[in-house]
Amino acid sequence: MLKKLLGFNPATMNLKTKCIAGLTTFLTMSYILAVNPDILSAAAMDKGAVFTATALSSAVATILLAFMAKLPFAQAPSMGINAFFAFTLIQGMGYS
């Protein structure tokens, strides 16, 4: 079933290693759940809403990539674009 859904080949892959790699990737990327709401709250956005949107968009994008493309990549919003939006466009140029 894992081979059909995710392209997992038990002959060449180890499930334990894949699970540890997935957990490591999640922990590595989870910083964006704390930092992204702080950046965008500087643009007068609600922290709770930004947190929820960040978590949902990251989860949906990663799951779609896993099941549709069968690729082990994690997706999350870019903090560079968010910082540009919050500090340059909103605070610097005065857009609302």
Side-chain angles (χ1 to χ4, degrees):
M1 183 170 147
L2 286 176
K3 183 171 184 158
K4 182 180 175 185
L5 287 176
L6 300 171
F8 181 80
N9 184 358
T12 59
M13 300 173 185
N14 185 343
L15 185 60
K16 180 182 174 186
T17 302
K18 293 292 181 183
C19 289
I20 291 172
L23 180 63
T24 303
T25 302
F26 171 76
L27 292 174
T28 302
M29 289 183 56
S30 65
Y31 73 95
I32 198 167
L33 293 173
V35 176
N36 198 35
D38 284 337
I39 290 173
L40 291 177
S41 69
M45 294 182 148
D46 180 62
K47 276 188 177 184
V50 172
F51 178 87
T52 302
T54 301
L56 288 175
S57 63
S58 299
V60 168
T62 301
I63 289 169
L64 285 175
L65 201 59
F67 287 103
M68 294 177 75
K70 293 182 178 40
L71 293 171
F73 299 140
Q75 299 288 303
S78 168
M79 288 199 306
I81 294 294
N82 291 338
F84 172 76
F85 172 77
F87 301 122
T88 303
L89 294 180
I90 303 300
Q91 289 182 349
M93 297 177 140
Y95 290 109
S96 60

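Heads up: numbering here begins at 1 and tracks the sequence. Just so it is clear, the values below take in all heavy atoms, side chains as well, and ignore hydrogens, waters and symmetry mates.
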Query raised in the report: Of all heavy-atom pairs between Gln75 and Thr62, which one has the smallest distance, and what is that distance?
Result: N-OG1, 3.0 Å

Report task. List the atom of Ser58, the atom of Thr54, and the distance in Å for their closest heavy-atom pair. Result -> OG-O, 2.8 Å

Report task. Considering only Ile, Leu, Val, Met, Phe, Trp and Tyr, and joining two whenever side-chain heavy atoms are under 4.5 Å apart, list the other residues clustered with Leu27. Result -> Leu23, Phe26

Query raised in the report: How about Met79 and Tyr31: do any of their side-chain heavy atoms sit closer than 4.5 Å?
Result: yes

**Report entry** Gln91 (side chain) donor-acceptor with Ala43 (main chain) under 3.5 angstrom
**Finding:** no

Query raised in the report: Considering all heavy atoms of both residues, which atom of Met45 and which atom of Val50 are nearest to each other, and what is their separation?
Result: CB-CG2, 3.8 Å

Report task. Any chance you could pull the hydrophobic cluster mates of Met29, using side-chain heavy atoms under 4.5 angstrom and chaining through other members? Result -> none

**Report entry** Reported CG-to-CD1 distance for the pair Asn14 and Ile20, which is rounded to 0.5 angstrom
**Finding:** 8.0 Å

Report task. Give the cluster check for Leu33 versus Leu56: same hydrophobic cluster or not, with ILVMFWY residues linked at side-chain heavy-atom distances below 4.5 Å. Result -> no

**Report entry** Side-chain donor or acceptor of Thr88 paired with backbone N/O of Phe85 under 3.5 Å
**Finding:** no

Requested in this report: Answer with yes or no whether the hydrophobic clustering places Leu65 together with Met68; edges join I, L, V, M, F, W, Y residues whose side-chain heavy atoms lie under 4.5 Å apart.
Outcome: no

Report task. Quick one: closest heavy-atom pair of Pro77 and Ile32, and the distance? Result -> O-CD1, 2.8 Å

Query raised in the report: Which atom pair, heavy atoms only, marks the closest approach of Phe87 to Ile39?
Result: CE1-CG2, 4.0 Å

Query raised in the report: Are Ile63 and Phe73 connected, step by step, through hydrophobic side chains (Ile, Leu, Val, Met, Phe, Trp, Tyr) whose heavy atoms are closer than 4.5 Å?
Result: no

